[in-house]
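All residue numbers refer to positions in the sequence shown, counting from 1. Only a predicted model underlies this, so the values are computations on that prediction, with no experimental measurement involved.
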Amino acid sequence: MANRTDPSAKSIRGTNPQNLVEKIVRSKIYQNTYWKEQCFGLTAETLVDKAMELDHIGGTFGGNRKPTPFMCLVMKMLQIQPEKEIVIEFIKNDDYKYVRILGAFYLRLTGTDTDVYQYLEPLYNDYRKLRRKLADGNYALTHVDEVIDELLTKDYSCDIAMPRIKKRWTLEATGSLELRKSALEEDFEEEEEKEENDQLDGMDDEIHDRDYYRGRSPVRERDRDRRRDSHRYRDHDYDRDYDRDRDYDRERGHGRERDRNRDRDRDRDRYRLRDEKDLGRDRGRDRRERDRGRRRSYSRSRSRSRDREGGDNRKRHGRSSMSPRRRDGHDEHGTREESKKKKEKKEKKTDGTDHPDPEIAEANRLRASLGLKPLKM
């Protein structure tokens with residue numbers, strides 16, 4: 001009998017009010033010690049005293065999913081179904097924030113869409129701190145406005161599924177709900193009025209100044225003449241400075257041109273001297289190579305002539321039957337011809353013109369005419 005709903009209670013959304021809580025959570029609440037001891041026999045008047053003793057909110061916690069006292073009191077309100085005026089007084093209570101949250105939670109479960117938006121949205125301006133018990137048994141810090149936003153926008157709160165409600169713009173379109181008015185709207189209106197007044201005052205001052213300066217006053221004429229003279233002097237000074245800067249730039253330009261020509265001539269002389277040094281170095285190298293080749297060919301020819309003279313003497317001593325004059329004349333003439341032929345043959349071999357490759361032979365002939373060494377391939 002202690003867990004039955006009040007016989008005079010009305011059905012909510014076509015069902016028993018206690019059925020708004022899932023069966024598992026409902027059975028956990030019925031088995032809880034706080035429900036059995038503290039919530040037994042409570043009425044709408046005595047429920048306020050228990051609500052004032054709350055120090056945290058939350059659903060179920062721990063390994064066996066034990067319900068919080070807040071959840072037990074919500075279940076008790078669903079069981080006894082207090083009148084709407086009592087619930088509204090819970091919501092309007094500014095002294096006890098947990099009593100306010102208890103009334104808002106119950107109204108979110110049982111109230112109509114219009115009542116939910118009408119009585120819960122003003123609580124967005126309440127920024128007081130609340131303690132929430134988490135599923136692991138620890139506490140976390142939250143605020144009243146955060147809990148209200150959770151009730152209006154989320155599908156679950158404190159392990160209870162929230163009934164679906166229509167969106168606010170739908171109720172505004174049908175005329176069931178007025179446009180939401182922010183608590184800061186009056187401050188915004190005052191700020192806008194202040195800005196408009198400042199703009200109007202500025203425009204009035206500007207119009208007054210423009211009308212004053214349009215008149216032909218002596219002060220205005222004297223100011224105009226002074227400004228005109230200052231402009232004239234400033235233009236004269238500007239022209240004088242411009243001429244001085246132009247002359248200075250012209251002189252700098254001529255000086256730069258002279259420096260540029262001097263650098264160009266210096267570079268040209270430096271390059272010419274370096275080319276002459278390189279050319280002289282190449283010519284000296286070629287001259288040394290030609291002299292070295294000539295000395296080498298001369299020494300070879302002398303050694304061959306010595307060897308040839310020694311052989312001829314041996315032949316001359318062996319042929320004693322011939323007359324000395326005939327033998328000397330014949331040997332001298334033959335030796336001269338042979339040495340000439342061998343020299344020509346050696347020169348042909350050393351200059352590389354008899355190379356089997358015609359391109360290399362042509363290149364060697366050209367190098368021989370220039371006095372360079374032949375290519376050795």
- Message: I'd like to know if Glu150 pairs up with Arg132 as an ion pair, taking the criterion as any Lys NZ or Arg NE/NH1/NH2 lying under 4.0 Å from an Asp or Glu carboxylate oxygen.
- Response: yes

- Residue pairs passing the side-chain hydrogen bond (donor to acceptor under 3.5 Å, both in side chains) test where at least one lies in residues 99-110, sequence neighbours excluded: Asp94-Arg100, Arg100-Asp126

- Task: State, yes or no, whether a side-chain contact exists between Lys66 and Lys28 at a heavy-atom distance under 4.5 Å.
- Result: no

- Task: For the residue pair Ile360 and Asn364, establish whether any side-chain heavy-atom pair is separated by less than 4.5 Å.
- Result: yes

- Check whether any side-chain heavy atom of Met162 sits under 4.5 Å from a side-chain heavy atom of Phe105, and report yes or no. yes

- Message: Taking salt bridge (charged side-chain N to carboxylate O under 4.0 Å, His left out) as the definition, give me every residue that meets it alongside Lys84, ordered by chain and number, with sequence neighbours left out.
- Response: Asp115

- Among side-chain atoms of Thr142 and Glu146, is any donor-acceptor pair under 3.5 angstrom? yes

- Nearest heavy-atom contact between Asn93 and Arg128 is O-NH2, 4.3 Å

- Message: I'd like to check the salt bridge (charged side-chain N to carboxylate O under 4.0 Å, His left out) partners of Glu178; sequence neighbours left out, ordered by chain and number.
- Response: none

- Task: Sort out for me which residue in Val74, Ile12, Ile160 forms a side chain to side chain contact (heavy atoms under 4.5 Å, CB included) with Leu20.
- Result: Ile12

- Message: Working note: Asn32 + Cys72, criterion side-chain contact (heavy atoms from CB on, under 4.5 Å); need CA distance, chi angles, decisive distance, verdict.
- Response: CA-CA 9 Å; Asn32 187 257; Cys72 294; 3.9 Å; yes

- Item | Reported OH-to-NZ distance for the pair Tyr30 and Lys36, which is rounded to 0.5 angstrom | 12.5 Å

- Heavy-atom nearest pair, Val116 first then Leu107, reads CG2-O, 3.8 Å

- Side chains of Leu134 and Tyr139: closer than 4.5 Å at any heavy-atom pair? no

- Item | Distance-only donor-acceptor check, side chains Asp55 and Tyr98, under 3.5 Å | no

- Message: I'd like to know if Lys92 pairs up with Glu89 as an ion pair, taking the criterion as any Lys NZ or Arg NE/NH1/NH2 lying under 4.0 Å from an Asp or Glu carboxylate oxygen.
- Response: no

- Does a donor on one side chain and an acceptor on the other come within less than 3.5 Å for Lys50 and Gln38? yes

- Message: Is the shortest side-chain heavy-atom distance between Ile57 and Arg131 below 4.5 Å?
- Response: no

- Task: Determine, stepwise, if the pair Thr5 / Gln79 fulfils side chain to side chain donor-acceptor pair (under 3.5 Å).
- Result: CA-CA 5 Å; Thr5 306; Gln79 184 183 12; over 6 Å; no

- Message: Less than 4.0 angstrom from a charged side-chain N to a carboxylate O is my criterion; do Arg168 and Glu172 meet it?
- Response: yes

- Message: Do Leu42 and Ile80 make a side-chain contact, defined as non-hydrogen atoms from C-beta onward lying under 4.5 Å apart?
- Response: no

- Task: Quick one: pull up OG1 in Thr15 and CZ in Arg13 and give me the separation to the nearest 0.5 Å.
- Result: 11.5 Å

- State, yes or no, whether a side-chain contact exists between Pro69 and His56 at a heavy-atom distance under 4.5 Å. yes

- How long is the gap from CG on Leu78 to CG on Asn19, to the nearest 0.5 Å? 10.0 Å

